Protein chains: 2
Amino acid sequence: MADVVMDQQQAASDTRDVTDLVLQDILAGVLLPGTWLKQIDLERRYKCTRPEVRRALDRLAQKRLVEHVPNRGYHVYEPDGRRAREVSEIRIILETAIAGTIVQNALPEDIDTLRTLAEHFDQMVLNGTMLELYEANLAFHRHLLVLGGNLELVDLITEIRQRTSSAPVSQWRTRARIEQSGRQHHMMIDAIAAGEAERLQELVRQHILQH
Amino acid sequence: MADVVMDQQQAASDTRDVTDLVLQDILAGVLLPGTWLKQIDLERRYKCTRPEVRRALDRLAQKRLVEHVPNRGYHVYEPDGRRAREVSEIRIILETAIAGTIVQNALPEDIDTLRTLAEHFDQMVLNGTMLELYEANLAFHRHLLVLGGNLELVDLITEIRQRTSSAPVSQWRTRARIEQSGRQHHMMIDAIAAGEAERLQELVRQHILQH
DNA sequence: GTAGCCTAAATTGGCGCCAATTTTGGATAC
DNA sequence: GTATCCAAAATTGGCGCCAATTTAGGCTAC
């Protein structure tokens, strides 16, 4: 029984890129802001080689999730109020801008898919891990954005969302807010189904700001 | 005399990161779309070591300026009509969104600075290299965006702008369009000075679309 | 003459070692 | 008892080698 679990973990750490593993641990709050990421530790933790660790750290530094101090090492970025506010503002600009297109493009089957994803999110709130919840949320928003018809924009928003590394711990902690997010998902779908673009815009704005 | 020039070039290639050097050559059109970037060539071209080349290529692949094909190498991305269109759309969304804030925040001294930068661009059109022109353009737009008050947004737009790697060759070729850009810069400043946010929005839209 | 295969050259990419720098702990002097 | 300096341990990061894979060229067979 324990072997099965071990195999899954092993398979996961073999298959997925080390960069993603470190990224998820930062996003999940396992690696707290300010933590120094020593190469030897990561090497052992993720069962990988030195060059792999260094490539991962360099990529995360490019994404500005960790900071690189020459001859000192890499550490997880401290939460920055100004940056968080600015990123939220950018997200609002981008995600409200395509609200109209989303409403126009959405077919009945798209609305069904969104409803399913929103319900899946609700279920993960009840009995799912933090990571599963995070991914369910991502899946919903991704499908929503794809309706905007601009694939480049979908990638960009997904990328930007990761820049608020300190987000998961500080912003997802209260159960009330998570449940509120779940309700908002359904309200957004309602607005799309009703063809009300402006209401969708307002909902998206509130959804981003409440975080 | 020749030694002085050589020293400057040497100093430049020692100081600046290899990533930036390759990036500039792609943006300048020296390395054309589709070109295979062989590690040995880059090693010799930029007088650097193998690991440095590989880190640069990995970073550019992350930025999606080059594509990585496992066991085959890295090659400069081919121009992609759809992507270029989508990136333009994103730029329009972002840059028009902060037009209002720019008009509000702009002080007389800011307008003077912008005017100087716009004139510098005009001079580079007459007697400057392609790279100098590119940088003069970047400097003008950067100072314009900073007035928006969202530094994260400034970085983001700068980053996005680089994603249309094929841009420089195909889009900057006609002298008429470059001169048109110069005139638009001044018209944008006029709109800011007059406090007309909506006119600025329309000018920004046209400025991006004409490329 | 052409198509397919096989061999050799070239290129990528993984891995580990060693030098340079920093940090920490202890010892000594005040 | 505290501060400063020195030395040793640890950590980062540059560099080069070698194995694995791919590609190109030539030879052979049909």
Side-chain angles (χ1 to χ4, degrees), chain A residues 7 9-26 30-78 165, chain B residues 6-26 30-78 165:
Chain A
D7 284 350
Q9 286 181 346
Q10 200 63 35
S13 58
D14 283 350
T15 307
R16 302 188 82 167
D17 190 2
V18 192
T19 313
D20 290 335
L21 295 172
V22 182
L23 177 66
Q24 283 191 356
D25 279 347
I26 293 175
V30 180
L31 298 170
L32 292 169
T35 312
W36 285 96
L37 301 172
K38 294 178 185 170
Q39 298 181 3
I40 295 184
D41 291 345
L42 300 181
E43 201 171 332
R44 285 197 270 256
R45 190 176 220 280
Y46 301 106
K47 297 278 189 299
C48 59
T49 63
R50 181 63 62 95
E52 280 178 305
V53 170
R54 279 165 69 177
R55 186 176 47 167
L57 287 172
D58 185 66
R59 286 181 178 175
L60 292 173
Q62 294 296 308
K63 287 186 177 180
R64 300 205 301 189
L65 267 144
V66 303
E67 190 182 10
H68 174 58
V69 185
N71 291 323
R72 289 282 316 276
Y74 299 80
H75 65 86
V76 183
Y77 250 73
E78 300 279 355
S165 63
Chain B
M6 196 54 187
D7 284 348
Q8 284 180 339
Q9 285 181 346
Q10 200 63 34
S13 58
D14 282 350
T15 307
R16 301 188 82 168
D17 191 1
V18 192
T19 313
D20 290 334
L21 295 173
V22 182
L23 178 65
Q24 282 190 357
D25 279 347
I26 293 175
V30 180
L31 298 171
L32 292 170
T35 313
W36 284 95
L37 301 173
K38 294 179 185 171
Q39 298 182 3
I40 295 184
D41 291 345
L42 300 182
E43 204 172 330
R44 285 196 270 258
R45 189 176 221 277
Y46 302 106
K47 296 279 189 297
C48 60
T49 62
R50 180 63 62 96
E52 280 179 304
V53 170
R54 277 166 70 177
R55 187 176 45 169
L57 287 171
D58 186 66
R59 286 180 178 176
L60 293 172
Q62 294 295 308
K63 287 185 177 179
R64 299 204 301 187
L65 268 145
V66 303
E67 189 183 11
H68 174 57
V69 185
N71 292 322
R72 288 282 316 274
Y74 300 79
H75 65 87
V76 183
Y77 251 74
E78 300 278 357
S165 63

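Side-chain atoms are counted along with the backbone in the values below, which use heavy atoms only and exclude waters and symmetry mates. Chain letters run A, B, ... following the sequence lines, proteins first and then strands; every chain starts at 1. Quantities reported herein were computed from a predicted structural model and do not represent experimental measurements.
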Subject >> DNA chain C-proximal residues of residues 67-75 of chain A, any heavy atom under 4.0 Å >> reply: A:Asn71, A:Arg72
Please table the atom pairs, donor to acceptor, closer than 3.5 Å between any side-chain atom in residues 53-62 of chain B and protein atoms at least two apart or in another chain.
| residue | atom | partner | partner atom | Å |
| --- | --- | --- | --- | --- |
| B:Asp58 | OD1 | A:Arg59 | NE | 3.3 |
| B:Asp58 | OD1 | A:Arg59 | NH2 | 2.6 |
| B:Asp58 | OD2 | A:Arg59 | NE | 3.0 |
| B:Arg59 | NE | A:Asp58 | OD1 | 3.3 |
| B:Arg59 | NE | A:Asp58 | OD2 | 3.0 |
| B:Arg59 | NH1 | B:Asp17 | OD2 | 2.8 |
| B:Arg59 | NH2 | A:Asp58 | OD1 | 2.6 |

**OP:** With sequence neighbours excluded, tell me which residues meet salt bridge (Lys or Arg N to Asp or Glu O under 4.0 Å) with A:Glu43.
**Re:** A:Arg50
Original post:
Considering residues at least two apart in sequence or located in another chain, which fulfil the side chain to side chain donor-acceptor pair (under 3.5 Å) criterion with B:Thr49?
Top reply: B:Glu52
**OP:** Using the side-chain contact (heavy atoms from CB on, under 4.5 Å) rule, pick out the option among A:Val22, A:Ile26, A:Leu32 that qualifies with A:Val76.
**Re:** A:Ile26
Original post:
How long is the line joining CH2 of B:Trp36 and P of D:dA24, in whole Å?
Top reply: 11 Å
What donor-acceptor contacts under 3.5 angstrom involve side-chain atoms of residues 65-75 of chain A, with partners at least two apart or in another chain?
| residue | atom | partner | partner atom | Å |
| --- | --- | --- | --- | --- |
| A:Glu67 | OE1 | A:His75 | NE2 | 3.1 |

Subject >> Set of side-chain contact (heavy atoms from CB on, under 4.5 Å) partners for A:Asp25, sequence neighbours left out >> reply: A:Val30, A:Leu31, A:Arg45, A:Tyr46
Original post:
Going 5' to 3' along DNA chain C, which nucleotides are the first and last within contact of chain A (any atom under 4.0 Å from a heavy atom)?
Top reply: C:dC15 to C:dT23
Original post:
Going by number, which of residues 50-58 of chain B have a non-hydrogen atom under 4.0 Å from DNA chain D?
Top reply: B:Pro51
